[in-house]
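These numbers come from a predicted model, not from an experiment.
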Number of protein chains: 2
Amino acid sequence: MPSEEPKPRRRQARGERRIASLLQAAANVFCTSGYTAASTNAIAREASVSPGTLYQYFPNKEAIAVELSERLLHQMRETHGQAFTPANLALPLDRMLDAVLDPFIAFNVENPAFLALMHGSEPIPGQIAEEHDALHASLLTRVESLLGHYLPDTPAAERHQVAEMTFALFKAGLDLVMTHEGAERDAYVTELKRALFRYLDPLIGDAAHPAESGIHTP
Amino acid sequence: MPSEEPKPRRRQARGERRIASLLQAAANVFCTSGYTAASTNAIAREASVSPGTLYQYFPNKEAIAVELSERLLHQMRETHGQAFTPANLALPLDRMLDAVLDPFIAFNVENPAFLALMHGSEPIPGQIAEEHDALHASLLTRVESLLGHYLPDTPAAERHQVAEMTFALFKAGLDLVMTHEGAERDAYVTELKRALFRYLDPLIGDAAHPAESGIHTP
DNA sequence: GACAAACGCGAGTGGTCGCTCGCATTCTTG
DNA sequence: CAAGAATGCGAGCGACCACTCGCGTTTGTC
């Protein structure tokens, strides 16, 4: 039987440049219109290229989004590894939040297409949704094990719940950060960290000093 | 000049029932597919009606969404008034969160189409977006004045920022609540209230006891 | 320079969607 | 009951979109 790739299509340097240009154009269009509303003709126009040229490099619209997603997910995984460093996890909570959140915030600010493709409520192609779910699960596991480090005696179900809530709160703040610029954006970054700190700190405090628990929680 | 409604179209009881049925069908379809992906033919099919019948009661697809939005917004305003009662605002923070958040959560759980139309990241018709923005601004003002009651000396800009963050955190938790059911849902409701309580309580505590401020905030 | 392969084009094709139109049926009104 | 209005239908129209095809241009190889 033939190899997995029966199309070892020879690409010229020009072609690679076109692909990069098309993906950049697609990122812009997806970002402003969302996946479904983005038309392939609009992507081609954004890249100053004819529709036919676009379809020389991508078999269909979905393949454009998939390729773009894979490149973004790859960068995201690098950010992921760079954020959850053992050194970072040993920091006190406020410093740890700085160290972990800043790379993720920076990534999303520099690649707004990522959220447009992953966080969109519209019907996204199945393959991208799967990859997004895998990333989500991976991040959740990280946060859970991080919580487990502080709270070894908390049942797994509760840890999972706290991790989901933490992640959801982060995404909410991230949206707020990304819809502002300059000084306002910075202010929302610190406000987001403050919110997460206040949410998580009592957990740790309670674990360290169980006698104080239950003051604020009915 | 004629009245604002030059079409005082006489409706029969059957017609009113059809309109209600069509709006219910539209709510279902918008809820599962989003506004843009929802086809008018699908809405008509969901209501067991022909496309022509649908267009006897609505001039176009946008009008369906607008009418549905207006009905939902009306119910939302009732919820709004019922949540921000003077009696509720005088409660201690934890009780106030119960009293204010529960009606909003209940409304969204019972009318998932509301979030589908308002919170969708897809291009929504301008009129709905305007109404949503008005509601958002109205809710924000409420939260700001509520914060102002606790923190009369905080500058307005900072209050605004805290109000935006509070609202964003609530929406994040609400999404989490609505994607779960039964006991899990209840657990996320209390977890959301816990997060908001912990975010807001230190503000009030700091204002009441300024000497304690700065412990957790750099 | 000659040949082939990759590149580039844009009018055209099939399909879907929002919406219309002519006509049949049911209700209200006198 | 008769007339007119409201209701109901579904094939069909125009617009738009994802995608194709035939042909001309550029690039790499010998």
Side-chain angles (χ1 to χ4, degrees), chain A residues 5-26 28-30 32-68 117 122-128, chain B residues 5-26 28-30 32-68 117 122-128:
Chain A
E5 288 292 337
K7 287 208 171 190
R9 177 97 165 209
R10 253 181 69 225
R11 291 253 181 257
Q12 300 180 354
R14 202 179 7 155
E16 298 290 349
R17 261 180 278 128
R18 275 277 184 250
I19 290 181
S21 153
L22 282 166
L23 288 176
Q24 181 57 52
N28 294 342
V29 178
F30 287 153
T32 61
S33 315
Y35 172 74
T36 31
S39 85
T40 55
N41 291 14
I43 295 174
R45 202 179 318 119
E46 173 87 11
S48 308
V49 146
S50 88
T53 298
L54 185 155
Y55 280 92
Q56 186 170 26
Y57 298 103
F58 299 99
N60 49 48
K61 180 179 169 180
E62 176 172 346
I64 305 172
V66 167
E67 178 64 28
L68 181 59
L117 278 176
E122 32 178 354
I124 293 274
Q127 187 175 345
I128 295 180
Chain B
E5 288 291 338
K7 286 209 173 191
R9 177 97 166 214
R10 250 181 75 227
R11 290 251 182 257
Q12 300 179 354
R14 205 181 3 157
E16 296 292 348
R17 261 181 277 129
R18 275 278 184 249
I19 291 181
S21 154
L22 283 166
L23 286 177
Q24 182 56 52
N28 293 342
V29 178
F30 286 153
T32 60
S33 315
Y35 173 74
T36 32
S39 85
T40 56
N41 291 13
I43 295 173
R45 203 179 317 118
E46 173 87 12
S48 306
V49 146
S50 87
T53 297
L54 186 155
Y55 279 94
Q56 185 171 21
Y57 298 104
F58 299 99
N60 50 48
K61 180 179 171 180
E62 175 173 347
I64 306 172
V66 167
E67 177 64 27
L68 180 59
L117 277 177
E122 32 179 353
I124 292 276
Q127 188 174 342
I128 296 181

For DNA chain C, which residues in residues 16-26 of chain A have a heavy atom at a distance below 4.0 Å? A/R18
Work out which heavy atom in B/E122 is nearest to a heavy atom in B/G34; give both atom names and the distance. OE2-CA, 3.2 Å
Base contacts versus sugar-phosphate-only contacts with protein, heavy atoms under 4.0 Å: please encode nucleotides 10-23 of chain D as B, S and - from 5' to 3'. B-------SBB---
Can you give one letter per nucleotide of nucleotides 24-30 of chain C, 5' to 3': B if a protein heavy atom sits under 4.0 Å from the base, S if only from the sugar-phosphate, - if neither? ---SSS-
The side chain to side chain donor-acceptor pair (under 3.5 Å) partners of B/E16 (sequence neighbours excluded) come to none
How close do B/T40 and B/K61 get, counting heavy atoms only, and between which atoms? CG2-CB, 3.7 Å
Which atom of B/R11 lies closest to which atom of B/Q56, heavy atoms considered: NH2-O, 4.3 Å
Decide yes or no for B/I64 and B/Y57: does some side-chain heavy atom of the first lie under 4.5 Å from some side-chain heavy atom of the second? no
Minimum heavy-atom distance between B/F30 and B/L117, given as atom pair plus value: CD1-CD2, 4.1 Å
Just to be sure I understand the rule, does A/Y57 reach a base, reach only the sugar-phosphate, or reach nothing, if contact means heavy atoms closer than 4.0 Å? sugar-phosphate
Which pair of heavy atoms, one from B/A38 and one from B/S33, lies closest together, and at what distance? N-CB, 4.1 Å
Would you kindly give the CD-to-P distance between A/Q56 and D/dG24, to the nearest whole Å? 17 Å
Please identify each residue that fulfils side chain to side chain donor-acceptor pair (under 3.5 Å) with A/S50, with sequence neighbours left out. A/T53
Hits for side chain to side chain donor-acceptor pair (under 3.5 Å) against A/R17, two or more places apart or cross-chain, chain-then-number order -> none
Can you find a heavy atom in the side chain of B/L23 that is under 4.5 Å from one in the side chain of B/F58? yes
Rounded to the Å, how far apart are A/F58 CZ and C/dG8 P? 13 Å
